[in-house]
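What follows is a single structure, written as structure tokens, with notes after it.
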Amino acid sequence: MSRVTAKICGLSTPKTLDAAIGGGASHVGFVFFPPSPRAVSFDVASGLAARVPDGIARVGVFVDPDNALVDQAVASARLDAIQLHQTAPERVVALRRRGLEAWAVVAVKTRADLDRAAAYRGAADAILYDAKTPAGAALPGGMGVRFDWTLLDGFRHPLPWALSGGLDADNVADAARRTGARLVDVSSGVETAPGVKDVDKIAAFLKAVATC
């Protein structure tokens, strides 16, 4: 069994969801952020969630959401966890109190950015390190940007963590070995265009993860 597990994020069709499940993904992600090309409606999310077997976690992706959005998404997609971009620690705490596992996303470009992770100790269940997107970018992630993995060298992680940002089938094994990540997260790296997942790319990514 692989020491590294994978989340395929931004899934929006039964075909690509089935590819993620069939390939061995441990987590599947549904985006609830309308500006994203990967965003899904509550109805679509509900249908997709119904296809996910026990043992695979359903993760909702949000950008500093209000309570109503999270509540409706949780009810529709039967979420196991929420992934929170651009969300202050106190909001993470409030949302986590709703009985959900909460992942706080820390956007990384410099070593100083990693220090923000400590603020989520006691607030989140886990940290997802993602690459910081360019200034003025419309989206907080999913843009194929990666950060310098050597920034994680010797860093004392305050919480369990996962690695995201610019991963694909060609670099994920190296990324996992280089950083020690035990959960990797991909979105744009298994697409042919923004929001358009590819079953072959998903299969190749998960096959690469299985070699770690």
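The figures that follow rest on heavy atoms only: side chains count, while hydrogens, waters and symmetry mates do not.
Arg51 places a side-chain heavy atom less than 4.5 Å from the side chain of Asp18. Two residues are said to be in side-chain contact when any heavy atoms from C-beta on lie closer than 4.5 Å; Val106 and Val108 meet this criterion. A heavy-atom distance below 4.5 Å is not found between the side chains of Val28 and Leu48. Using a 4.5 Å heavy-atom cutoff, the side chains of Val40 and Phe32 are in contact. Between Phe42 and Leu69, some side-chain heavy-atom pair lies under the 4.5 Å cut-off. Side-chain atoms of Val52 and Leu17, non-hydrogen and from C-beta on, do get closer than 4.5 Å to each other. Side-chain contact between Val186 and Val209: absent, with no pair of heavy atoms (C-beta onward) separated by less than 4.5 Å. Side-chain atoms of Leu163 and Trp149, non-hydrogen and from C-beta on, do get closer than 4.5 Å to each other.
When all heavy atoms of Thr16 and Asp198 are compared, the closest pair comes out as CG2-N, 4.5 Å. Across Leu206 and Ala6, no two heavy atoms sit closer than the pair CD2-CB, 3.6 Å. Pairing each heavy atom of Ile8 with each of Ala25, the nearest pair is CG1-CB, 4.0 Å. Contact detail for Ala208 and Ala173: the closest heavy-atom pair is O-CB, 4.2 Å. Here the closest heavy-atom approach between residue Ser12 and residue Gly195 is recorded as OG-O, 4.2 Å. Here the shortest heavy-atom pairing between Ala123 and Val92 reads O-CG1, 3.5 Å.
To the nearest 0.5 Å, the span separating CZ on Phe62 from OG1 on Thr87 amounts to 10.0 Å. Distance CG/Asp64 to CG/Leu95: 8.5 Å, rounded to 0.5 Å. The OG atom of Ser76 sits 10.5 Å away from atom CG of Asp71, with the distance rounded to the nearest 0.5 Å. Atoms CG and CG, from Leu183 and Leu128 in turn, are 7.5 Å apart once rounded to the nearest 0.5 Å. For the atom pair Asp125 CG and Glu101 CD, the distance stands at 5.0 Å (nearest 0.5 Å). Summarising the geometry, atom CG belonging to Leu151 is positioned 7.0 Å from atom CZ belonging to Arg111; distances are rounded to the nearest 0.5 Å.
If you check the side chains of Arg178 and Asn171, you find no donor sitting under 3.5 Å from an acceptor.
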Where do Ser46 and Asp43 land on the side chain to side chain contact (heavy atoms under 4.5 Å, CB included) test, with the steps shown first?
-> CA-CA 5 Å; Ser46 177; Asp43 284 346; 5.6 Å; no
Exercise. Begin with the C-alpha distance, continue with both residues' side-chain angles, and end with the deciding distance and a verdict on side chain to side chain donor-acceptor pair (under 3.5 Å) for Lys197 and Ser187.
Key: CA-CA 8 Å; Lys197 294 287 186 290; Ser187 186; 3.3 Å; yes
When you look at Val59 and Leu79, which way does the side chain to side chain contact (heavy atoms under 4.5 Å, CB included) test go after all the steps?
-> CA-CA 6 Å; Val59 183; Leu79 299 178; 6.0 Å; no
| Please walk me through it: do Ile127 and His157 pass side chain to side chain contact (heavy atoms under 4.5 Å, CB included)? | CA-CA 9 Å; Ile127 298 291; His157 301 281; over 6 Å; no
*asked:* Applying side chain to side chain contact (heavy atoms under 4.5 Å, CB included) to Asp185 and Leu167, what does each step give before you reach the verdict?
replied: CA-CA 8 Å; Asp185 179 41; Leu167 299 178; 5.7 Å; no
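Screening Tyr120, Tyr129, Trp103 for a ring pair (Phe, Tyr, Trp, His ring centres under 6.0 Å) involving Trp161 leaves a single residue, Tyr129.
As a member of the Ile/Leu/Val/Met/Phe/Trp/Tyr network built from side-chain separations under 4.5 Å, Val93 groups with nothing else and remains a singleton.
Between Lys109 and Asp148 no salt bridge is recorded (no basic side-chain N to carboxylate O distance below 4.0 Å). Between Arg38 and Glu191, at least one side-chain N (NZ, or NE/NH1/NH2) sits under 4.0 Å from a carboxylate O, which counts as a salt bridge.
With Arg96 contributing its side chain and Gly122 its backbone, the two residues share a donor-acceptor pair below 3.5 Å. Checking side-chain atoms of Arg182 against main-chain N and O of Thr5 turns up no donor-acceptor pair under 3.5 Å. Looking at Ser36, its side chain never comes within 3.5 Å of a backbone N or O of Phe33 through a donor-acceptor pair.
Val196 and Val199 fall into different hydrophobic clusters, where Ile, Leu, Val, Met, Phe, Trp and Tyr side chains are chained together by heavy-atom contacts under 4.5 Å.
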